[in-house]
Amino acid sequence: MTTTELPESLISTLPGHFYTDPQIFALEQAKIFEDMWFCAIRSSDIPTPGSFRTVQVGSESILISRSRKGEVRAFFNICRHRGAKLCTEAAGEVARAFQCPYHAWTYDLDGKLIAAPNLTKMPDVDRVEYGLRKVHLREWLGYVWVSLADEPPSFEGTVLQEVVDRLGEVANLDHYQVDTLSVGRRIVYDVQANWKLIIENFMECYHCATIHPELTEVLPEFADGYAAQFFVNHGADFAQDVKGFTVDGSEGLEVLPGIDPDQDRKYYAITVKPQVFINMVPDHIIFHRMYPMAADRTIVECDWLYLPSVVEQGKDVSKSVELFDRVNRQDFDACERCQPAMSSRVYRDGGVLVPSEHHIGLFHDWLQNKIQA
Ligand code: FES
Ligand code: FE
């Protein structure tokens with residue numbers, strides 16, 4: 001199945017059931033979120049040995065923690081004895097080890113089974129074999145990316161290549177030194193919409209003039225409805241009277257030192273499949289990660305990243321946070337407005353994409369190839 005061409009430069013969207021059908025969502029979990037590199041947490045979320053976070057990756061709960069030596073480790077959050085969920089909290093800290101709440105099997109911070117009641121009576125239990133099942137991970141941009149595949153795809157050939165495709169070269173993102181920045185604010189949105197509606201919305205700016213009054217004040221080109229993709233290589237210019245990327249156009253924070261002159265007073269936005277959106281402006285980065293929870297529910301965790309000095313000195317970041325927080329709420333409201341219609345008979349065969357949205361058809365083709373593979 002490929003995207004069907006309609007007359008007059010309209011392309012059909014995916015049929016409505018792609019956004020509601022649990023079977024399609026299960027295929028997406030297996031073939032996309034569990035197979036590709038999935039951006040799971042910010043490394044600084046687990047600052048010290050024993051600190052951990054648990055996140056949903058596809059259909060699996062994944063436990064990400066820091067070892068005694070300070071290295072990041074990722075495991076399936078499942079006890080190897082009888083399968084109890086090991087950590088039920090979203091985040092926390094253990095002193096030395098993870099202990100299963102069911103029969104008290106205990107695993108060290110490297111995942112090795114170190115204790116179990118009466119284990120002396122079972123000398124044959126291999127403590128490595130029955131350790132926590134490890135997950136492949138990479139750290140990049142200050143985030144921990146995981147892949148649940150037995151043999152993960154090449155990180156360079158997928159994640160980094162996508163950045164190259166979008167920005168010309170990875171260096172254009174490297175200038176922002178995203179890994180060195182600090183989280184100035186994090187907002188978690190619980191969006192009652194399918195993850196693809198959120199991606200599709202992020203990929204187009206046809207809606208910008210209608211729903212983003214503050215954003216189009218700062219970035220007047222967006223009012224013309226060009227695709228967000230249109231701006232990725234050369235960026236979108238700030239309006240002449242705008243001083244910074246803030247809700248009222250007032251001065252921003254300290255500019256990131258590594259950026260090029262042509263990255264100043266500009267906004268760049270990229271998507272990294274399957275679940276990351278990155279917005280780059282001169283003084284901060286807005287980094288979105290989606291956690292698709294169900295066909296009709298997606299949690300979006302959004303970090304505003306600034307120079308460490310800005311965060312340490314407690315500078316007021318509220319005006320820059322407020323701009324994109326409003327944009328996010330406007331976007332997610334729009335996605336939630338569409339979600340109920342996905343199961344309407346009117347949308348059984350889908351809707352249409354106008355020319356400035358045609359690149360969304362490429363995303364649909366990509367998606368269908370992935371889940372049919
Ligand atoms: Fe974890 Fe039994 S299920 S110790
Ligand atoms: Fe938008």
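Note that the coordinates shown come from a computational prediction; the quantities given were computed from them, not determined experimentally. Just so you know, ligand 1 is whichever comes first in the structure, and atom 1 is the first atom listed for that ligand.
- Shortest distance from the Fe ion (ligand 2) to Asp331 is reached at OD1 (N/O/S atoms only).
- Counting backbone and side-chain atoms alike, Cys205 contributes no N/O/S atom closer than 2.8 Å to the Fe ion (ligand 2).
- Taking the six-membered ring for Trp and the full ring otherwise, the centers of Phe324 and His284 sit at least 6.0 Å from each other.
- Nearest N/O/S atom of His207 relative to the Fe ion (ligand 2): this is NE2.
- With respect to Glu301 and Arg289, a salt bridge is recorded, a charged nitrogen being found less than 4.0 Å from a carboxylate O.
- For the 3.5 Å distance criterion, the side chains of Glu200 and His364 qualify, holding a donor opposite an acceptor.
- At a 4.0 Å heavy-atom cut-off, ligand 1 touches Ala104 through the backbone alone.
- Counting protein heavy atoms only, atom 2 (Fe) of ligand 1 is closest to His103 ND1, 2.0 Å.
- Centred on atom 1 (Fe) of ligand 1, the SG atom of Cys100 and the SG atom of Cys79 lie at an angle of 110°, reported to 10°.
- Each of the atoms 4 (S) of ligand 1 lies under 4.0 Å from some heavy atom of Trp105.
- The proximity of Ala84 to ligand 1, defined as any non-hydrogen pair under 4.0 Å, involves the side chain as well as the backbone.
- Under the 30°/60° scheme for interplanar angles, the aromatic rings of Phe363 and Trp195 are found to stand perpendicular.
- Residue Phe202 forms a side-chain contact (heavy atoms from CB on, under 4.5 Å) with just one option from Thr271, Ile270, Leu197, Ile360, and that option is Thr271.
- Of the possible polar contacts, one joining the Tyr107 side chain to the Arg80 backbone as a donor-acceptor pair under 3.5 Å is found.
- Side chains of Glu312 and Ser182: no donor on one and acceptor on the other come within 3.5 Å.
- Looking only at N/O/S atoms, His81 comes nearest to atom 2 (Fe) of ligand 1 through ND1.
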